[in-house]
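See below for the structure under consideration.
On a predicted model such as this, the values are computed, not experimentally measured, just so you know.
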Amino acid sequence: MTSSGFTAVIDLGTTRIKGVMGRRNDSGVISVIASGSIDSGNSIRRGVIYNIEQAGANVHKLVRMLENSSDRKIGRVYVSLAGQSLHTMEFNEMRRLPAGMVTEEVVAQLRNIAEKYQPDMKRNYQVADVEYYIDDKPERSPVGVTGSQIEAGFELIVGRPNLMNNIEKSISTKTELEIAGYVVGPTATAAIALTDEEKELGCAFLDFGAGTTTLSVYKEGILRRMVVIPFGGRSITKDICALNFTENDAEQLKIKFGKAIETHEGPLFSSPFSSKPDVDLAELNKVIVMRLDELIANIREQISLSGYEGQLGAGAIITGGASLLKNLDLYLGQKLKMAVRKATARKAIVNNAPELTGDPSFTLALGMLLTAVDNCERDEVEMTDAASEEEESSSSVWPWRSKSEKEKKIKKEKVKKEKVEKTEGGFFTKMEDMFGNIFSEDDE
């Protein structure tokens, strides 16, 4: 990425789509250029695109918001990869060491094999962590160590093979944006929210989203287990709807009055909504706690399955938009019997935008900026003045319809230019025209 460029990331959340433009310096510190979010509507369910056209339109609007805020043009974006199917999977590979020493080449070969491995009925999306053993002894920095064999234990993040299909259809096909890359959400969130000490001591990292809750268990600096539990903040909201509230009213009640642990308020509270019945706070919080207990039972089971129950010295660390539920940290501490810390993006990594570093719903988007490397700024040289004007005039409507019209206009200009060159040129010009037409047809 050039020093004047930037990266742009899109976090496809179940209730809100978040976008951030930023730049990372050589020390790994992020400067935020612009940020924003937009209602997902019903286009995303549990982190996966459900309505392709609506999601594409929402992303387009969000990108326009970011461009207007920054006065810069976005040509490509990094997109978050999430969904209930994502989970960790162990993969082991071993090599003999004829030279009696581990070399960088051997380590690279092992990682290359892990990256290419594709399990049955799933897709390998990321090599999250690795643990080396030389002659059965653990070794964190294997290069240069002597021995007769090396074994690498990789933690892969795998999921449904078609997880990216709808993202490509809604962004690449339905907007003018290119996808610069995919970022696996849970690892990006952990990268910016957790300290090395917490990963070393061991922790249960919980990202409470609207549609899902992701649990990542770290120990000795390595991701040991990651699983997505299909309950989130929206599950609680829908439960509250059973008390005869609309989903919108239920969400407001949860945010304003909901608590994971009840305090000393009276059982009834005046309704915040006109012409609506009073709210029974005891009943409201009872509904919230019932869903939380189900969620926590799943969390405890997954921690037990990780094999590190009772060994997580740093306790539980929570983030995500749904972690804002009042007293959630206290309730989790009681139920999980461990210390609980609320986390957002570490301020030492982001040198501005305190409103984002203090907002747990933006932890993932900021974490994605740590992974993004390519310049995402649109190259204005490639745009004709006519295309730019047309784009400005159609920015508030369906982008894929205006794109077609824009392409026709560019094509007409190109044909007109070619006719002029044919009239003025000789043999070589005609040859250039011929090959130019061939490539033009391919582009179409």
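- For the pairing with Thr319, the side chain to side chain donor-acceptor pair (under 3.5 Å) check across Asp207, Thr363, Thr344, Asp359 returns one residue only, Thr363.
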Open item on the list: One pair to check against salt bridge (Lys or Arg N to Asp or Glu O under 4.0 Å): Glu93 and Arg95. What are the steps and the verdict?
Closed with: CA-CA 7 Å; Glu93 186 69 16; Arg95 278 285 185 277; 3.3 Å; yes

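- Counting heavy atoms from C-beta on, the side chains of Leu356 and Val350 never come closer than 4.5 Å.
- The backbone N or O of Ile52 lies less than 3.5 Å from no partner atom in the side chain of Asn166, so there is not a single donor-acceptor pair.
- In Met94, the CE atom is crowded: over 12 heavy atoms of neighbouring residues, nucleotides or ligands sit closer than 6.0 Å.
- Looking only at distances, a side-chain donor or acceptor of Ser40 sits under 3.5 Å from a matching main-chain atom of Arg16.
- One finds the CG atom of Leu325 at 9.5 Å from the CG atom of Asp329 (value rounded to the nearest 0.5 Å).
- Annotation for Asn162: atom CG counts as buried by contact number, over 12 foreign heavy atoms lying within 6.0 Å.
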- [ ] Take Tyr331 and Asp293 through the side chain to side chain donor-acceptor pair (under 3.5 Å) test and state the conclusion after the steps.
- [x] CA-CA 10 Å; Tyr331 194 68; Asp293 285 345; 2.4 Å; yes

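- Shown here is Asn25, whose CG atom has more than 12 heavy atoms of other residues, nucleotides or ligands within 6.0 Å.
- Although no hydrogens or angles enter the test, the distance criterion places a donor-acceptor pair under 3.5 Å between the side chain of Ser323 and the main chain of Gly320.
- Although no hydrogens or angles enter the test, the distance criterion places a donor-acceptor pair under 3.5 Å between the side chain of Glu198 and the main chain of Thr195.
- At a threshold of 4.5 Å between non-hydrogen side-chain atoms, the residues His87 and Lys122 count as touching.
- Under a 3.5 Å cut-off, the side chain of Asn51 and the backbone N or O of Gln54 do form a donor-acceptor pair.
- Using a 4.0 Å cut-off between a side-chain N of Lys or Arg and a carboxylate O of Asp or Glu, Arg378 and Glu176 qualify as a salt bridge.
- Between the side chain of Asn124 and the main chain of Ala114, a donor-acceptor pair closer than 3.5 Å is present.
- For the salt bridge (Lys or Arg N to Asp or Glu O under 4.0 Å) with Arg224, the lone residue among Glu155, Glu131, Glu90 that qualifies is Glu131.
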TODO: Carefully, step by step, assess Glu377 and Lys73 under the rule salt bridge (Lys or Arg N to Asp or Glu O under 4.0 Å).
DONE: CA-CA 6 Å; Glu377 187 164 20; Lys73 292 294 183 184; over 6 Å; no

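- Checking Gln118 against Arg123 by side-chain atom types alone, no donor-acceptor pair falls below 3.5 Å.
- For Glu309, there are no salt bridge (Lys or Arg N to Asp or Glu O under 4.0 Å) partners, not counting sequence neighbours.
- Once rounded to the nearest 0.5 Å, the distance linking CG of Leu281 with NZ of Lys259 reads 7.0 Å.
- Listed for the Thr213 side chain is no donor-acceptor partner under 3.5 Å among the backbone atoms of Gly209.
- Counting only heavy atoms from C-beta outward, the side chains of Ile179 and Ile167 approach each other to under 4.5 Å.
- Lys238 places no side-chain N or O within donor-acceptor distance of the main-chain N or O of Ala250, the cut-off being under 3.5 Å.
- A 6.0 Å sphere centred on NZ of Lys326 holds more than 12 heavy atoms belonging to other residues, nucleotides or ligands.
- No side-chain donor from either of Asp11 and Tyr78 sits under 3.5 Å from a side-chain acceptor of the other.
- Salt bridge present: Glu200 and Arg140 bring a charged side-chain N and a carboxylate O closer than 4.0 Å.
- Side-chain atoms of Tyr125 come within 3.5 Å of backbone N or O of Arg160 as a donor-acceptor pair.
- Here the side chain of Arg225 pairs no donor or acceptor atom with the backbone of Val217 at under 3.5 angstrom.
- Met368 contributes atom CE, which lies 11.5 Å from atom CD1 of Ile192 (distance to the nearest 0.5 angstrom).
- To the nearest 0.5 angstrom, Arg24 atom CZ is 10.5 Å from Ile349 atom CD1.
- Residue-environment remark: CZ (Arg291) exceeds the threshold of 12 foreign heavy atoms within 6.0 Å.
- Side-chain atoms of Ser37 and Lys18 form no donor-acceptor pair, as typed in the model, at a separation below 3.5 Å.
- Applying the 6.0 Å contact sphere to CD of Glu197 captures no more than 12 heavy atoms from other residues, nucleotides or ligands.
- The environment of Tyr182 atom OH is dense: over 12 non-hydrogen atoms of other residues, nucleotides or ligands sit within 6.0 angstrom.
- Counting only N and O atoms by type, the side chains of Ser170 and Glu53 include no donor and acceptor under 3.5 Å apart.
- Side-chain contact check for Asn352 and Ser31: no donor-acceptor pair (N or O, by modelled atom type) lies under 3.5 Å.
- Taking OG1 of Thr15 as the reference point, atom CG of Asn42 lies at 12.0 Å (rounded to 0.5 Å).
- At least one side-chain heavy atom of Ile229 sits less than 4.5 Å from a side-chain heavy atom of Leu295.
- Within a 6.0 Å radius of CD in Glu355, more than 12 heavy atoms belonging to other residues, nucleotides or ligands are found.
- Aromatic ring pairs are classed by plane angle as parallel below 30°, tilted from 30° to 60° and perpendicular above 60°; the pair Phe154 and Tyr132 is perpendicular.
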